Amino acid sequence: MQTTSAEYDVIVVGAGPAGLTAGIYLSRAKMRTLIVNEGAIGGQLVLTHEVANYPGVESVSGYQLATTMKNQAKKFGCEIRSNAKITGMELEGDVKSVEINGKDRFFARAVILATGGRSRTLGVPGEEKFKGKGISYCATCDGDFFQDKDIIVVGGGNSALEEAVSLTKYARSVTIVHQFDHFQAFPHAIEEAKKNPKISFVMQSTVSEFLGDEALEAVNIRSLLTDEVTTRPIDGVFIFIGYVPNTDGLPDEITLNSSGEIVVSDLRETSMKGVFAAGDSIQKRYRQITTAVADGTIAALSAAEYLRKLGAPLEILEDAAIADA
Ligand SMILES: Cc1cc2nc3c(=O)[nH]c(=O)nc-3n(C[C@H](O)[C@H](O)[C@H](O)COP(=O)(O)OP(=O)(O)OC[C@H]3O[C@@H](n4cnc5c(N)ncnc54)[C@H](O)[C@@H]3O)c2cc1C
């Protein structure tokens, strides 16, 4: 088995907006930077069909924005390893190591964790069986499979309401099923959904079971007020009920909060020396591209400052623009 071993100044784990931003800042400051990424480059960005709230860019597809960020990082010399499953991580001491795919091992004096998050599942009977067979967590990816179909959107936050509106481009009808009697979304998102003639609402209710043979055919909807269960034939269900931080498998020394989010300081320092964290995987209230790129910036600058103070034998630090910034 051919193996690789290499040294870097900083290893960034995750190539979503937070990790790519860290990569841009670090490599532009001439730090040897490696980003290792398990999923699609761009992370959740590539699940976003249109980004209309990234300042300076009126409208762009998530995929395009991710590609631009990736190219920008590479232009400055950042290396990116995709399809990189982390199989070992030693974060103690001044030299850290990250092993990927059980064979390649990389060393660095600082690590930035930017592993983001993933969709939360309902966890009810039938959900596993019908994933990809009528159940989806991504309107951009699967919306056009539901041309002129009747679908349900589960959830009541920004993602649920915005994606419900975007799904009306394809679907004949969209029913939003939400557990509370009010939405936890921005007023403009609520307004857009309410004024859309294809959208209707089933409040204080939840999907309690997915039914079908080979593919999804119906759902059971349970009223949280009366406990009454109604079976409703449906072509598809999109679930937008929040996220789970990708923090499984981190060393125990990295402090997580009760939701599994990485606890960080203002400088995005974790509980381990020389290990920083950024983006959706950290403890914070608002998860947006702008907040992820802000975290990535702060983590990169903090990592650079850490390396400078460490007096690491990394000659490039002497010239790093970042040190003078
Ligand atoms: C459907 C949808 C629509 C959205 N729309 C918008 C919008 O319009 N505007 C907006 O501002 N925000 C939007 N968001 C939120 C925004 O996409 C996220 O806040 C942002 O992508 C978070 O960036 P991140 O870099 O922290 O994490 P992510 O984007 O989650 O990227 C993390 C990366 O790390 C990788 N990874 C995870 N674990 C490991 C591991 N162990 N080893 C290696 N790699 C790993 C993942 O594969 C992924 O590539 C949307 C999100 C979704 C799901």
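One-based numbering, in listed order, for ligands and for the atoms of each. These numbers were taken from a predicted model, which means no experiment stands behind them.
A donor and an acceptor atom, one from each side chain of H188 and E162, are nowhere located under 3.5 Å apart.
The heavy atom nearest to atom 23 (O) of ligand 1, considering only A15, P17, G16, is found in P17.
At under 3.5 Å, not a single nitrogen or oxygen of G279, backbone or side chain, sits near a nitrogen or oxygen of ligand 1. Where the criterion is an N or O separation shorter than 3.5 Å, residue side chain and backbone included, V13 fails it with respect to ligand 1. Checking only distances, Q288 does come within under 3.5 Å of ligand 1, N or O to N or O.
Residue contact check for ligand 1: S159 places no non-hydrogen atom closer than 4.0 Å to it. Heavy atoms of K85 come nearer than 4.0 angstrom to ligand 1 in no pair at all. Assignment of A40 to the shell around ligand 1 is supported, since a heavy atom sits closer than 4.0 Å.
Taking every heavy atom of N37 and a limit of under 4.0 angstrom, the matching atoms of ligand 1 come to 33 (C), 34 (O), 35 (C), 43 (C), 44 (N), 46 (C), 47 (O), 48 (C), 49 (O). Close approach of ligand 1 to E163 is summarised as follows: ligand atoms under 4.0 Å from at least one heavy atom of the residue are 1 (C), 3 (C). Heavy-atom contacts of A114 reach the following atoms of ligand 1: 32 (C), 33 (C), 34 (O) (cutoff under 4.0 Å). Close contacts between ligand 1 and G117 involve ligand atoms 30 (O) [criterion: under 4.0 Å to a heavy atom]. Distances below 4.0 Å separate heavy atoms of G39 from the following atoms of ligand 1: 47 (O). The atoms of ligand 1 that sit less than 4.0 Å from any heavy atom of I86 are 42 (N). Set against the non-hydrogen atoms of V36, the atoms of ligand 1 under 4.0 Å away are 43 (C), 44 (N).
By the 4.0 Å N-to-carboxylate-O rule, R232 lies too far from D150 to be salt-bridged with it. Between K273 and D94 a salt bridge is recorded (basic side-chain N to carboxylate O distance below 4.0 Å). Using a cutoff of 4.0 Å between basic side-chain nitrogens and carboxylate oxygens, E38 and R81 are not scored as salt-bridged. Salt-bridge annotation for K30 and D9: absent, with no side-chain N of the basic residue lying under 4.0 Å from a carboxylate O of the acidic one. Salt-bridge annotation for R287 and E261: present, with a side-chain N of the basic residue lying under 4.0 Å from a carboxylate O of the acidic one.
Protein heavy atom closest to atom 43 (C) of ligand 1, with residue, atom name and distance, is E38 N, 3.3 Å. Atom 25 (O) of ligand 1 has A18 N, 2.9 Å as its closest protein atom, hydrogens excluded (heavy atom only). In this structure, the protein non-hydrogen atom closest to atom 27 (O) of ligand 1 is G116 CA, 3.2 Å. Ranking protein heavy atoms by distance to atom 17 (O) of ligand 1, first place goes to Q44 CB, 3.6 Å. The protein atom (non-hydrogen) at minimum distance from atom 37 (C) of ligand 1 is T115 O, 3.1 Å. The shortest contact between atom 9 (N) of ligand 1 and any protein heavy atom is with N53 OD1, 3.0 Å. Atom 18 (C) of ligand 1 has its closest protein heavy atom at D280 OD2, 3.3 Å. For atom 2 (C) of ligand 1, the closest heavy atom belonging to the protein is T48 OG1, 3.8 Å.
No part of S119 comes within 4.0 Å of ligand 1, judged by heavy-atom distances. Counting heavy atoms under 4.0 Å from ligand 1, residue I41 does not touch it at all. Residue-level proximity to ligand 1 for R118 is absent, since no heavy atom of it falls below 4.0 angstrom. Within the 4.0 Å heavy-atom criterion, neither part of D295 lies near ligand 1.
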Begin with the C-alpha distance, continue with both residues' side-chain angles, and end with the deciding distance and a verdict on salt bridge (charged side-chain N to carboxylate O under 4.0 Å, His left out) for R308 and E305.
CA-CA 5 Å; R308 195 177 64 76; E305 179 65 9; 2.8 Å; yes
Go through it in stages, so that I can follow the logic: the residues are R105 and E90, the test is salt bridge (charged side-chain N to carboxylate O under 4.0 Å, His left out), and I'd like the CA-CA distance, side-chain angles, deciding distance and then a yes or no.
CA-CA 11 Å; R105 198 143 184 240; E90 284 172 25; 3.6 Å; yes
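The ring of H178 has its center closer than 6.0 angstrom to the ring center of F183. In this structure, F238 has its ring center under 6.0 Å from that of F146.
The aromatic rings of F276 and Y306 sit perpendicular to each other, their planes meeting at more than 60°, with 30° as the lower class boundary.
Taking CE of M203 as the reference point, atom CG of D181 lies at 6.5 Å (rounded to 0.5 Å).
More than 12 heavy-atom neighbours from other residues, nucleotides or ligands sit within 6.0 angstrom of CZ on F76. The environment of K131 atom NZ is dense: over 12 non-hydrogen atoms of other residues, nucleotides or ligands sit within 6.0 angstrom.
Using a distance-only test at 3.5 Å, with no hydrogens or angles considered, a donor-acceptor pair links the side chain of E127 to the main chain of L122.
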